[in-house]
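Accompanying notes for the structure given below.
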Amino acid sequence: AEPHTLALALRHHCVQLHLAARFDEAVQACREASVEAARSNLAPASRVAILVDLGRALQDKNQLAEAEKAYLAAMPLARS
């Protein structure tokens with residue numbers, strides 16, 4: 001499998017969990033996806049999407065400071 005396959009699978013799992021309102025699990029999956037994405041040097045656009053998904057899940061948990069960190073981490077990647 002491609003090195004980035006796990007990161008993409010985790011991202012989709014994160015989104016599915018978020019849609020099911022399972023926010024704690026969504027945050028965990030997004031964090032794992034973010035680590036894998038960085039480790040496998042996933043394309044910046046995909047890394048941005050993972051961080052935005054993480055921010056949304058954190059927002060829905062009312063962890064606004066953590067959500068902001070995720071969004072801010074996405075900004076430099078979005079500019080690259």
Side-chain angles (χ1 to χ4, degrees):
E2 298 283 330
H4 60 271
T5 303
L6 179 57
L8 294 176
L10 285 165
R11 180 200 174 205
H12 288 288
H13 191 218
C14 165
V15 170
Q16 180 269 325
L17 291 166
H18 186 241
L19 290 172
R22 293 166 56 185
F23 304 125
D24 289 334
E25 293 168 274
V27 167
Q28 181 180 347
C30 281
R31 289 192 192 281
E32 289 177 36
S34 183
V35 168
E36 281 298 317
R39 186 186 65 73
S40 66
N41 203 27
L42 192 62
S46 295
R47 291 173 66 190
V48 167
I50 291 167
L51 289 167
V52 168
D53 291 336
L54 173 59
R56 287 179 181 153
L58 288 163
Q59 235 177 318
D60 285 340
K61 286 184 58 168
N62 203 33
Q63 294 183 354
L64 303 181
E66 288 297 309
E68 182 180 17
K69 288 179 188 177
Y71 296 137
L72 290 173
M75 297 295 185
L77 292 168
R79 291 185 176 113
S80 66

For this session: Measure across V48 and A78 and return the closest heavy-atom pair with its distance rounded to 0.1 Å.
Result: CG2-N, 3.5 Å
Exercise. With a 4.5 Å limit on heavy-atom distance, are the side chains of H12 and L17 in contact?
Worked result: no
Exercise. Is there a donor-acceptor pair closer than 3.5 Å between any side-chain N or O of S40 and the backbone N or O of E36?
Worked result: yes
Problem set entry | Considering all heavy atoms, the nearest G55-A67 contact | O-CB, 3.4 Å
Problem set entry | Trace of the side chain to side chain contact (heavy atoms under 4.5 Å, CB included) decision for H18 with D53 | CA-CA 9 Å; H18 186 241; D53 291 336; over 6 Å; no
Exercise. With distance as the sole test, does Y71 use its side chain to make a donor-acceptor pair with the main-chain N or O of E66 at under 3.5 Å?
Worked result: no
For this session: Search all heavy atoms of L42 against all heavy atoms of R47 and return the closest pair with its distance.
Result: O-CD, 3.1 Å
For this session: Step through the shown structure and confirm whether more than 12 heavy atoms of other residues, nucleotides or ligands are within 6.0 Å of CD on Q16.
Result: yes
For this session: Quick one: do L54 and C14 satisfy side chain to side chain contact (heavy atoms under 4.5 Å, CB included)? Show the steps, please.
Result: CA-CA 8 Å; L54 173 59; C14 165; 6.0 Å; no
For this session: Following the transitive rule for hydrophobic clusters with a side-chain heavy-atom cut-off under 4.5 Å over Ile, Leu, Val, Met, Phe, Trp and Tyr, establish whether L8 and I50 coincide in one cluster.
Result: yes
Problem set entry | Nearest non-hydrogen partners of P76 and A73, listed with the distance | CD-O, 3.4 Å
For this session: Would you check, one step at a time, whether the test side chain to side chain contact (heavy atoms under 4.5 Å, CB included) holds for Q63 with Q59?
Result: CA-CA 6 Å; Q63 294 183 354; Q59 235 177 318; over 6 Å; no
For this session: Could you tell me the separation between the CG atom of D24 and the CG atom of L58, rounded to the nearest 0.5 Å?
Result: 10.0 Å
Exercise. Should Q28 and E32 be marked as a side-chain hydrogen bond (donor to acceptor under 3.5 Å, both in side chains) after you check the CA-CA gap, both sets of side-chain angles, and the distance that decides it?
Worked result: CA-CA 6 Å; Q28 181 180 347; E32 289 177 36; 3.2 Å; yes
Problem set entry | Minimum heavy-atom distance between R11 and A33, given as atom pair plus value | N-CB, 3.7 Å
For this session: Could you grab the distance from atom CZ of R56 to atom CG of L19, nearest 0.5 Å is fine?
Result: 10.0 Å
